[in-house]
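See structure below.
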Amino acid sequence: MAAQTSIDTLVTIFGGSGFLGRHLVRALAKRGYRIRVAVRRPELAGHLQPLGRVGQIHAVQANVRFPRSVETAARNADVVINLVGILFERGRQRFDAVQTFGAETVALAASAFGARMIHVSALGADEASSSHYARSKAMAEKAVLAAVPSAVVMRPSIMFGPEDDFFNRFGSLARFLPALPLIGGGTTRFQPVFVGDVAAAITDTVDGKARAGTTYELGGPEVRTFKQLMQYVLATIERRRLLIPIPFALARLQAQFLQFLPKPPLTPDQVELLRHDNVVSEAAEREGRTFKAFGIEPTAMEVVVPDYLWRFRKTGQFRDRVRSFS
Ligand SMILES: NC(=O)c1ccc[n+]([C@@H]2O[C@H](COP(=O)([O-])OP(=O)(O)OC[C@H]3O[C@@H](n4cnc5c(N)ncnc54)[C@H](OP(=O)(O)O)[C@@H]3O)[C@@H](O)[C@H]2O)c1
């Protein structure tokens, strides 16, 4: 490994077409790695090509539910990274199939080719959780480490960035809803983390800066409750909306119906997930299994979020000019 330069190093990324994927592909391309992005529909991964030099990024077809396709995509790779995840179940895309057995399939392929393995899990992964998402993530970690004991596992908190699903979702909802829900009273704690920082930590891991067989917990500089995050979204988009506390049981009932929408805003399993705080553990802080290990100072959401949430303001980016005319 020591004599290998980054252009000699082939990195296969499963789930590279997603939100974290595009930031990671850009960061790895900047450091000169050869990148194979394994995606279900390579024809839709065209947006990744301009993130690197000609020929540096190559998209191939793979579905983690189909071991043959995973083996082909992992062949000859020096490093295999698994970013595949789903937020809700649909058809054959079940948490167990995609997040647990899919992750295990990727790890077994990495092991077969002698590649290093990096697996992205999530804070809150817990085999005893009432959330199926969190249980499947915990079981995936176990399966990955069984297949590749030297694998590095990354557990981010909720990620923010221009294409995120969290701030954009509530910013968008606030445009037409008179009120935003505070599920379970809005007391669940989060540690929002910048997607670019998570991509940097993974890139450092590819560079060889992480401890083998270690699970890192990645959170931003501040812990905020769900209610504080809703207040922050509303302040940023300059809208006044009621914040209505909804008990978990009622939210679960609503989610029973909402889950059937094509892109459900809430599912019963997500309500279960909201019962648990999503913050870096004391053990991880104590043992240095955080951004500190990489010398990364996590970015505050105030630095990044207003740059893309402005589009949910009534006057968009023309706020000052409109005021001066009115
Ligand atoms: N976003 C967050 O706030 C957050 C927080 C904590 C942890 N995480 C974890 O971080 C990882 C990346 O998250 P993200 O936000 O970037 O997710 P994302 O945007 O939804 O991307 C998920 C990726 O997985 C791929 N995928 C889904 N099913 C697949 C299958 N059967 N075979 C192959 N690829 C499949 C998707 O490709 P298609 O286009 O083919 O569907 C997509 O590229 C996930 O494991 C997620 O659980 C995310």
Side-chain angles (χ1 to χ4, degrees), residues 12-26 36-48 59-70 72-74 80-106 109 118-126 131-141 144 153-170 190-199 201-202 215-220 229 263 269-270 273-274 276 278-280 301 305:
T12 291
I13 310 176
F14 291 88
S17 58
F19 169 44
L20 173 58
R22 71 170 67 200
H23 289 267
L24 179 61
V25 167
R26 185 187 295 122
R36 185 186 287 156
V37 191
V39 288
R40 282 189 295 172
R41 281 166 298 170
E43 71 278 11
L44 299 183
H47 62 285
L48 299 173
V60 299
Q61 203 281 333
N63 183 330
V64 296
R65 290 188 282 110
F66 295 88
R68 278 272 176 83
S69 69
V70 172
T72 308
V80 168
I81 305 177
N82 181 32
L83 307 179
V84 173
I86 52 172
L87 275 175
F88 53 87
E89 299 186 310
R90 270 293 179 274
R92 292 186 200 158
Q93 288 280 96
R94 318 307 296 179
F95 288 131
D96 290 339
V98 175
Q99 302 201 142
T100 306
F101 298 117
E104 183 178 33
T105 302
V106 172
I118 304 170
H119 173 70
V120 175
S121 180
L123 276 186
D126 178 2
S131 152
H132 195 174
Y133 171 92
R135 286 198 305 276
S136 68
K137 282 287 193 188
M139 283 155 65
E141 291 183 3
V144 166
V153 175
M154 298 290 182
R155 288 179 166 189
S157 184
I158 193 151
M159 290 189 281
F160 61 84
E163 313 84 4
D164 74 42
D165 194 45
F166 186 84
F167 289 100
N168 282 307
R169 184 194 307 199
F170 288 103
F190 293 90
Q191 203 167 340
V193 58
F194 178 44
V195 64
D197 293 338
V198 176
I202 299 174
T215 298
Y216 291 86
E217 300 192 1
L218 305 177
L229 291 175
K263 199 182 171 205
D269 197 68
Q270 287 165 1
L273 210 49
L274 280 167
H276 310 278
N278 202 264
V279 297
V280 172
M301 59 186 192
V305 174

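Counting starts at 1 for both ligands and their atoms, following the listed order. These numbers come from the heavy atoms of this one structure, side chains and all, not from hydrogens, waters or symmetry mates.
- Comparing heavy-atom distances from atom 42 (C) of ligand 1 across Ser69, Gly16, Ser17 singles out Ser17 as nearest.
- Neither the backbone nor the side chain of Arg155 has a heavy atom within less than 4.0 Å of ligand 1.
- Distances from atom 29 (C) of ligand 1 to the heavy atoms of Arg40, His119, His23 show the closest one on Arg40.
- Ligand 1 has an N or O atom lying under 3.5 Å from an N or O atom of Gly18, backbone or side chain.
- Heavy-atom proximity to atom 5 (C) of ligand 1, evaluated over Ser157, Pro192, Ala122, is greatest for Ser157.
- Heavy-atom contacts of Asn63 reach the following atoms of ligand 1: 30 (C), 31 (N), 32 (N), 33 (C) (cutoff under 4.0 Å).
- Looking only at protein heavy atoms, the nearest one to atom 9 (C) of ligand 1 is Ser121 O, 3.6 Å.
- Counting heavy atoms under 4.0 Å from ligand 1, residue Ala62 touches it through the backbone alone.
- If you number the atoms of ligand 1 from 1 as listed, the ones under 4.0 Å from a heavy atom of Pro156 come out as 6 (C), 7 (C).
- Atom 4 (C) of ligand 1 has as its closest protein heavy atom Met159 CE, 3.5 Å.
- By the definition of a contact as any protein heavy atom under 4.0 Å away, atom 40 (O) of ligand 1 is in contact.
- Residue, atom and distance of the protein heavy atom nearest to atom 17 (O) of ligand 1 are Phe19 N, 4.6 Å.
- In terms of protein heavy-atom proximity, atom 34 (N) of ligand 1 is nearest to Val84 CG2, 3.5 Å.
- Heavy-atom contacts of Leu20 reach the following atoms of ligand 1: 16 (O) (cutoff under 4.0 Å).
- Among protein heavy atoms, the minimum distance from atom 20 (O) of ligand 1 is reached at Gly85 O, 4.2 Å.
- Contacts of Gln93 with ligand 1, taken as heavy-atom pairs under 4.0 Å, involve the side chain alone.
- Nearest to atom 45 (O) of ligand 1 by heavy atom, out of Met154, Arg22, Gln99, Lys137, is Lys137.
- Within the structure, the closest approach of Ala97 to ligand 1 does not fall below 4.0 Å when heavy atoms are considered.
- Residue contacts with ligand 1 for Tyr133 involve side-chain atoms from C-beta outward but no N, CA, C or O (heavy atoms, distance under 4.0 Å).
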Under 3.5 Å, which donor-acceptor pairs do the side chains of residues 36-45 form with other protein atoms, sequence neighbours left out?
unit_1: Arg36; atom_1: NH1; unit_2: Ala73; atom_2: O; d: 2.7
unit_1: Arg36; atom_1: NH1; unit_2: Arg75; atom_2: O; d: 2.8

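- Of all atoms in ligand 1, numbered sequentially from 1 with element shown, those under 4.0 Å from a heavy atom of Ile158 are 3 (O).
- In this pair, Phe160 and Phe167 present their aromatic rings perpendicular. The plane angle is above 60°, beyond the 30 to 60° band.
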